[in-house]
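Atom set for the values below is all heavy atoms of this structure, side chains included, hydrogens, waters and symmetry mates excluded.
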Amino acid sequence: MSAPPTGAALTVGVIAGGRGSRLGGLDKAWLEQGGTAQVLRWHARFAPQAARFVVSANRDLERYAAHGIETVVDRTPDAGPMSGLDALAAAVDTPWLLTLPVDLCDADARLLPMLALLAGDTGACAEDDDGVQPLVALWPTDALRRGAAKALASGDYAVRALQHRLGMRVVRLQGVRFGNLNTPDDLIDAGIAAP
C-alpha cells in the first residue's frame, strides 16, 4: 500500500454496540469528554478522512440519526466485538475499513496514516504503550467480511485470533496510549462525570 486509503477507498467504523455492563449500563458512545460525546469526537476527527462513517450500535439509534450519523445493528447478538465487526463489514462497500472502539480515551487523526504505512495488503492493528489493541485496526473489508462470518459460525469470537488468521500486522505506536472507558475509575481518570 503506497498511500493511506482515504476518500472513496475507506470507511471508518466505530464499535459501540456493548451493554456498558461494568458501568451500570451506560451507553459509552454518549459519555462526554471535554463537553463532547465520545462518538461525536470520533466523527469530527475521522469522518473527513473517509467516504463513510458508520457506527455499530444496538440502542439510541434515533439519537445517532439526529446527529446525521449512520448506524448498523448487530446481526449476531451476544458475540462481543465480533458482532460489531461483522455488522460493519456487511454494510461497507469500500475496500478498507478503519475500526475504533467508541470507548477510547484518545485517538489522533494521524492514526490512519500510521497504520496504513505498514499495513500492506493484509491490514494492521495498533499496539500502544499498553499492548496490542485489536479493535484499533485497518482491515481489508472483504477479508474481514469472510473472516467474521466464519468466526461467528464457529463460535470463535476472539478478534486477535481472527487477525492472526488474516495475516494482519501489528503496528507499534511508540509513546501512544489510547486508554479506555470500562470502569468508574476510568471515567474519573478521564475527567468524565457519568450521568
| query | Looking at residues at least two apart in the chain, or sitting in another chain, which of them share a side chain to side chain contact (heavy atoms under 4.5 Å, CB included) with Val171? | reply | Leu115, Leu118, Ala124, Leu173

| task | With sequence neighbours excluded, tell me which residues meet salt bridge (Lys or Arg N to Asp or Glu O under 4.0 Å) with Asp60. | result | none

| request: Report yes or no: does Asp86 contribute a side-chain atom to a donor-acceptor pair with the main-chain N or O of Ala89 at less than 3.5 Å? | output: no

| ring pair (Phe, Tyr, Trp, His ring centres under 6.0 Å) partners of Tyr64, counting only residues at least two apart | Trp30

| query | Considering residues at least two apart in sequence or located in another chain, which fulfil the side chain to side chain contact (heavy atoms under 4.5 Å, CB included) criterion with Ala90? | reply | Arg75

| field | Set of side chain to side chain donor-acceptor pair (under 3.5 Å) partners for Gln163, sequence neighbours left out | value | Arg160

| query | Under a 4.5 Å cut-off applied to non-hydrogen side-chain atoms, are Thr141 and Thr11 in contact? | reply | no

| said: Considering only residues two or more places apart or on different chains, which pairs with a residue in residues 35-55 satisfy ring-ring contact (aromatic ring centres under 6.0 Å, His included)? | reply: His43-Phe53

| Criterion side chain to side chain contact (heavy atoms under 4.5 Å, CB included) on Val102 and Leu31, from CA distance to verdict | CA-CA 10 Å; Val102 77; Leu31 291 175; over 6 Å; no

| Which residue pairs pass the salt bridge (Lys or Arg N to Asp or Glu O under 4.0 Å) test with at least one member in residues 144-153, sequence neighbours excluded? | Asp142-Arg145

| field | Pairs involving residues 33-46, ordered by first then second residue, that meet salt bridge (Lys or Arg N to Asp or Glu O under 4.0 Å) (sequence neighbours left out) | value | Arg45-Asp106

| With Arg177, which residues qualify under salt bridge (Lys or Arg N to Asp or Glu O under 4.0 Å), at least two apart? | Asp130

| task | Go through the steps to decide whether Ser83 and Asp78 satisfy the test side chain to side chain contact (heavy atoms under 4.5 Å, CB included), and finish with yes or no. | result | CA-CA 7 Å; Ser83 295; Asp78 301 320; over 6 Å; no

| said: List the residues meeting ring pair (Phe, Tyr, Trp, His ring centres under 6.0 Å) with Tyr157, not counting sequence neighbours, and say none if there are none. | reply: none

| message | I want to check something: taking the side chain as every heavy atom from C-beta on, are Phe178 and Cys105 in contact at a cut-off of under 4.5 Å? | response | no

| Does the side chain of Leu10 reach to within under 4.5 Å of the side chain of Leu112, using non-hydrogen atoms? | yes

| request: Go through the structure and list residues passing side chain to side chain contact (heavy atoms under 4.5 Å, CB included) with Ala65, not counting sequence neighbours. | output: none

| Is the shortest heavy-atom distance from the side chain of Leu85 to the side chain of Leu135 under 4.5 Å? | yes

| Got a sec, which residues hit side chain to side chain contact (heavy atoms under 4.5 Å, CB included) with Ala158, two or more places apart in sequence or on another chain? | Asp156, Ala161

| Passes side chain to side chain contact (heavy atoms under 4.5 Å, CB included), Leu162 versus Trp139? Steps please. | CA-CA 11 Å; Leu162 171 59; Trp139 305 80; 4.0 Å; yes

| said: Less than 4.5 Å apart, side chain to side chain, heavy atoms only: is that true for Leu166 and Thr122? | reply: no

| request: Using the side-chain contact (heavy atoms from CB on, under 4.5 Å) rule, pick out the option among Leu138, Leu100, Leu104 that qualifies with Leu111. | output: Leu100

| query | Does a side-chain heavy-atom distance below 4.5 Å link Thr76 with Met82? | reply | no

